[in-house]
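Report on the structure given below.
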Amino acid sequence: MEITARRLAAELPGQTIESVLTPGINALKTFDPPLSALDGAPFTDVRRRGKLLLLEAETASHGPLTLLVHLMSAGRLMLYDKRGSLRDKTSRVLIRLPEDRELRLREFGTRQRAWVKLLRAEEADGDDALQGLGPEAWPDPPAFGPLLAASRPLHTLLRDQRVIAGIGRTWVDEILHAAKLSPFKRGDDLSDAEVEALREAMVSELGRVLAVYEEQVQLPLPEKFPKPTRVHAHQGEPCPQCGTTLEAVFYEDYVMSYCPQDQTEGRVLKDRRLSRLLK
Ligand SMILES: [Zn+2]
């Protein structure tokens, strides 16, 4: 999201919205102000908060408005030089720009989960989706001690957007590996040194990923982003830190990868999928 926000923030401000269409069922979750309020309005800024994007525009009829966008896991925002067909089943929101260009929210896969809300700018920060968010994981997360003081495993705690905003399944594996912490260690069971290692790993890993994106991700923005992972989904391969074979725990719709040597004192954690089958 960060790189998407950066790229769009460099391109959209000053561009006039011609019209906005929402061919996707239920993609638009608000009705007041109406989408047509954006017609003719110039974009003023693009920001990110957690995993959400805020596209801001100055409208004639309603003043400053914010289009709040959540791509969920399968949505993508792309800036096209040509307008797409309305019959494209992946299209959820089409923002038409001058010279036939179009900012398009597409969603891949069968489920329609990506959504947008059109809000008055002064109300945007108070919206449910933003209000509950924890502090940003990057670039400068606050002290972790009180933040993580919960009896929950780190791999769920760090992905909880209300605890800390901006980390998904992929990067939590990279961060915990860099910090040499077990994904099942409890948040309230960390030493001061571990808390510090975790914070450092979060900043350095997210920084490493962003540096790759900064180099490789350009407009019109790709359908598939590079995934500069070293651990996540690399089970069966040697650990980049110590050479031990990486292991994984499989859940219904994702995988959690880790290094037994660096993170779990040599223990191979139970494969939940397997243990459920054996019950
Ligand atoms: Zn290792």
Side-chain angles (χ1 to χ4, degrees), residues 2-3 51 73 134 136-145 147-161 163-217 224-278:
E2 173 66 22
I3 195 71
K51 296 175 174 177
S73 52
E136 291 291 328
W138 192 89
D140 188 25
F144 275 0
L147 205 61
L148 302 183
S151 177
R152 297 168 63 195
L154 289 175
H155 83 102
T156 54
L157 197 57
L158 295 177
R159 285 185 290 117
D160 185 339
Q161 302 300 303
V163 174
I164 189 152
I167 304 173
R169 291 159 185 170
T170 304
W171 309 117
V172 78
D173 285 3
E174 304 294 318
I175 291 165
L176 289 172
H177 177 259
K180 299 193 173 181
L181 286 170
S182 165
F184 289 107
K185 184 132 190 158
R186 306 270 155 181
D188 58 4
D189 188 28
L190 296 174
S191 70
D192 289 350
E194 286 172 332
V195 165
E196 195 43 45
L198 183 57
R199 191 178 180 283
E200 270 175 32
M202 184 174 293
V203 174
S204 68
E205 280 302 294
L206 295 176
R208 176 178 72 81
V209 172
L210 265 167
V212 173
Y213 284 173
E214 194 55 67
E215 199 179 293
Q216 297 184 7
V217 175
K224 265 194 187 296
F225 278 68
K227 275 208 166 182
T229 56
R230 308 191 309 156
V231 179
H232 180 74
H234 285 272
Q235 58 275 7
E237 298 173 22
C239 167
Q241 268 167 185
C242 73
T244 304
T245 301
L246 296 171
E247 298 287 343
V249 180
F250 293 87
Y251 293 87
E252 203 167 319
D253 56 353
Y254 73 104
V255 59
M256 188 190 71
S257 317
Y258 66 97
C259 170
Q261 178 67 32
D262 286 330
Q263 295 175 260
T264 58
E265 295 164 344
R267 273 175 295 138
V268 173
L269 305 169
K270 237 190 276 174
D271 185 325
R272 299 291 164 103
R273 180 183 56 179
L274 200 57
S275 55
R276 196 166 54 234
L277 287 175
L278 293 175

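Counting convention: from 1, in listed order, for ligands and their atoms alike.
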Could you pull out all donor-acceptor pairs under 3.5 Å where a side-chain atom in residues 175-185 meets a protein atom, sequence neighbours excluded?
from: Ser182; atom 1: OG; to: Phe184; atom 2: N; distance (Å): 3.0
from: Lys185; atom 1: NZ; to: Glu194; atom 2: OE2; distance (Å): 3.4

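When atom types are taken as modelled, the side chain of Gln161 and the backbone of Ile167 share a donor-acceptor pair closer than 3.5 angstrom. At least one donor-acceptor pair under 3.5 Å links the side chain of Arg159 to the backbone N or O of His155.
Every residue two or more places apart in sequence or in another chain was checked for a ring-ring contact (aromatic ring centres under 6.0 Å, His included) with Phe144, and none qualifies.
Neighbours of the Zn ion (ligand 1) restricted to protein N, O or S atoms under 2.8 Å: the count is 4.
Atom OG1 of Thr229 sits about 9.5 Å away from atom CG of Asp173, to the nearest 0.5 Å.
For residues 230-251, the set of pairs meeting the salt bridge (Lys or Arg N to Asp or Glu O under 4.0 Å) definition, not counting sequence neighbours, is empty.
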